[in-house]
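Worksheet: one structure, shown below.
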Amino acid sequence: ARQFQQEISKLYHSALDQKNELKKYPLENYSAIVSKDNKAKFSLPIQNLSDLLFNEAIQYFSSSNIQLIEASNAFQMNEKELFLSVQDFSKIDLSNKNSSNEWIALELYQEWITNHLQDKNQEILSYIDNQRLHFVYDHYVGEKKNDLYAESLQNGFQQFTLASSKALFKSDLIQLWYQERAGDFEYSLTQIVKEAQQVLKDYPNTLGALSMQNLIDVIQSKGLEVTLEQYIPANVPFKTFIEYKNLSSVKYKIVEWKEINYQNNQDVWNAVQKLKVVHSGNFQLPASSDYSSHSIEFALNGLATGKYALITYTDDVLTDISKGKFNISPFQITDISLVFRENEGNIIVSVLNRQSGLPLNQVPVEIFTRSQYNNSYNTTTSAFTNQKGEVFIPKKSIIQSNYKIKVKKGADIIETQDQYFYNNQTPVTSNPKTTTVKLFTDRSIYRQGQEVFLKGILINSFGVFSSFG
């Protein structure tokens, strides 16, 4: 693999030796063979074969797949000067510092920048410099990384005069504020939206403006997550925990639950509408305009035993499922509680009254295992609880299998979620003593000719006991 990559590297460098000649060939002359996203609203400002080759070469040397074949102690970027302005960066001596692919990509950025420093139209130069700063930021491991990047983006915004260029640097700066708002930059989401809206106003129809519109959409998007207990005692009020964003109210209904196997949101929602409604209402949420996530608890009235689901949703779900939010939270109302523990040969299930904690005697318990072929459940065994409320399930009956348990007491039924049991115990032989050696190398990847060091662990096993040497 290394030899193959070295040959590709030579070919890229050989082609780039003709960079000045390749500038004479407009890219539009090769539109029939050059891949292009016709649906993209904005295209890269690449106009000739030289720019195309630089861009492709940098993408190649920046690839994470290429980095895998490098030594484990590959070079790490930690020079602050890599964040300098475009003119100053072009003057840095990068030669002979490192042979890693990351450093080769950095040298190509410098060469590409130098090739466009004297251009009258600096759109391509601003694009290259913006990508260079992205690359350095992604690979830099020194101190004050965010501050250095923010200062470089601000300098780029001040230096380049084209609207598209200014929008590019300003939008990246705002994205940095957003990503690091809990760390180095104390910008609220409200401030970030305001700055992003200013980019839309000052630099419309640019790539930076498109980036800011996407960011605004993310920040202003609605969020709804609902949590409640899976098993709840009968006829006892219970709480639901709601996390929300950019919402003032949420409608809800409690339905008698039946499993829904649809994948499409619209089909799921349509199926939910057919379920019997037990109760419905509206959760009024504390108003907030800070675009942040908030949480609150609400109390719901107790219910009779059975399977239910709490359906929470926003008004716009009713008109356009793609724009609304809805959440389905199944739960069971039951006075039965199950406690699991294991001994050497069995899984012991204790069946208790959920409210008093007392054992339930002579209650039928069914164990179902899931077929590996058609994903259906089949009854493996059934039994009645003893005076201690216990049922013993032989481990051998469910080795390496998905299983669930169903317990019924009158009209009260509890059914567990899918569980998995894996028994990896091996029988002890007549001669239980074994000796094992585990060998490790000091690293996972080596350069050609590099010395390899080994270390080992000697394990003496006596049945279930082990000693190390």
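Because the structure is predicted, anything quoted here is derived from the model rather than measured. The basis for the numbers below is simple: all heavy atoms, side chains too, and nothing from hydrogens, waters or symmetry mates.
With contacts defined as side-chain heavy-atom distances shorter than 4.5 Å, the pair Ile296/Pro286 qualifies. Counting heavy atoms from C-beta outward, Phe283 and Leu300 have side chains that approach closer than 4.5 Å. For the pair Ser165/Tyr203, no side-chain contact is recorded, criterion being any heavy-atom separation below 4.5 Å from C-beta on. Taking 4.5 Å as the limit, every side-chain heavy atom of Lys170 sits out of range of all side-chain heavy atoms of Gln198. Put simply, the side chain of Ile104 reaches to within 4.5 Å of the side chain of Asn101, judged on heavy atoms. Looking at heavy atoms from C-beta onward, Phe238 lies out of side-chain contact with Leu310 at the 4.5 angstrom threshold. At least one side-chain heavy atom of Ile393 sits less than 4.5 Å from a side-chain heavy atom of Ile405. Using a 4.5 Å cut-off on side-chain heavy atoms (C-beta onward), Tyr252 and Val226 make no contact.
Closest approach of Thr206 to Ala167, counting heavy atoms only: OG1-CB, 3.3 Å. Nearest heavy-atom pair across Ile232 and Arg354 is C-CD, 4.3 Å. Closest approach of Lys145 and Phe83 over heavy atoms only: O-CZ, 4.4 Å. When all heavy atoms are compared, the tightest approach of Ala271 to Ile260 is CB-CD1, 3.9 Å. Closest approach of Val351 to Val365, counting heavy atoms only: CG2-CG2, 4.1 Å. Shortest non-hydrogen contact noted between Gln175 and Ser211 is NE2-OG, 3.3 Å.
Under a cut-off of 6.0 angstrom, the local environment of CD in Glu143 is sparse, with at most 12 non-hydrogen atoms contributed by other residues, nucleotides or ligands. Counting heavy-atom neighbours within 6.0 Å of Glu225 CD, excluding the residue itself, gives a total of 12 or less. For Gln230, the CD atom sits in a packed shell: over 12 heavy atoms of surrounding residues, nucleotides or ligands are nearer than 6.0 Å. Residue Gln387 qualifies as open at atom CD: its count of foreign heavy atoms under 6.0 Å is 12 or below. Atom CD of Glu151 has 12 or fewer neighbouring heavy atoms from other residues, nucleotides or ligands inside a 6.0 Å radius. By the neighbour-count criterion of 12 heavy atoms within 6.0 Å, atom NZ of Lys409 is sparsely surrounded, having that number or fewer from other residues, nucleotides or ligands.
Not counting sequence neighbours, His134 has no partner by the ring pair (Phe, Tyr, Trp, His ring centres under 6.0 Å) test.
If you take CD1 on Ile216 and CG on Leu189, they are separated by 12.0 Å, rounding to the nearest 0.5 Å. The CG atom of Leu162 sits 12.0 Å away from the CD1 atom of Ile124 when rounded to the nearest 0.5 Å. Put simply, CD on Glu366 and NZ on Lys404 are 11.0 Å apart, with the number rounded to the nearest 0.5 Å. Residue Glu229 holds its CD atom at 12.5 Å from CZ of Phe241, rounded to the nearest 0.5 Å. Between the CG atom of Asn130 and the CG atom of Asp172 there is a distance of 4.5 Å, given to the nearest 0.5 Å. Distance check, rounded to the nearest 0.5 Å: CH2 of Trp177 to OG of Ser188 gives 11.5 Å.
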| task | Start with the C-alpha distance between Phe135 and Met77, add both sets of side-chain angles, then the distance that settles side chain to side chain contact (heavy atoms under 4.5 Å, CB included), and finish with yes or no. | result | CA-CA 11 Å; Phe135 179 79; Met77 291 186 188; 3.4 Å; yes
| request: Please step through side chain to side chain contact (heavy atoms under 4.5 Å, CB included) for the pair Phe185 and Ile192, ending with a clear verdict. | output: CA-CA 11 Å; Phe185 305 104; Ile192 291 171; over 6 Å; no
| request: For the pair Ser164 and Tyr127, evaluate side chain to side chain contact (heavy atoms under 4.5 Å, CB included) and give the outcome as yes or no after the intermediate values. | output: CA-CA 9 Å; Ser164 59; Tyr127 167 78; over 6 Å; no
| query | Hey, mind stepping through Tyr137 and Asn146 against side chain to side chain donor-acceptor pair (under 3.5 Å) and telling me if it holds? | reply | CA-CA 8 Å; Tyr137 178 72; Asn146 290 328; 2.6 Å; yes
| task | Evaluate side chain to side chain contact (heavy atoms under 4.5 Å, CB included) for Leu168 paired with Leu207, printing each intermediate quantity in order. | result | CA-CA 7 Å; Leu168 202 60; Leu207 188 60; 4.0 Å; yes
Residues 324-336 side chain polar contacts: donor-acceptor under 3.5 Å, at least two apart:
unit_1 : atom_1 : unit_2 : atom_2 : d
Asn327 : OD1    : Ser329 : OG     : 2.9
Gln332 : OE1    : Glu415 : N      : 3.1
Gln332 : NE2    : Glu415 : O      : 2.7
Thr334 : OG1    : Ile336 : N      : 3.0
Thr334 : OG1    : Asp412 : OD1    : 2.8
Thr334 : OG1    : Asp412 : OD2    : 3.4
Asp335 : OD1    : Ala234 : N      : 3.2
Asp335 : OD1    : Gln355 : NE2    : 2.9

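With hydrogens and angles ignored, the 3.5 Å screen pairs a side-chain donor or acceptor of Gln273 with a backbone N or O of Trp269. Using a distance-only test at 3.5 Å, with no hydrogens or angles considered, no donor-acceptor pair links the side chain of Thr240 to the main chain of Phe298. The closest donor-acceptor contact from the side chain of Thr385 to the backbone of Val363 lies under 3.5 Å. Distance alone, capped at 3.5 Å, places no donor-acceptor pair between the Ser62 side chain and the Gln59 backbone. In terms of modelled atom types and a separation under 3.5 Å, the side chain of Lys245 and the main chain of Ser221 share a donor-acceptor contact. Judged by distance alone, the side chain of Asn270 and the main-chain N or O of Gln266 form a donor-acceptor pair under 3.5 Å.
Aromatic ring centres of Tyr140 and Tyr149 lie farther apart than the 6.0 Å criterion allows.
The pair Lys166-Asp202 does not meet the salt-bridge criterion, since no charged nitrogen lies less than 4.0 angstrom from a carboxylate oxygen. Taking a cutoff of 4.0 Å between a charged side-chain nitrogen and a carboxylate oxygen, Glu390 and Arg341 qualify as a salt bridge.
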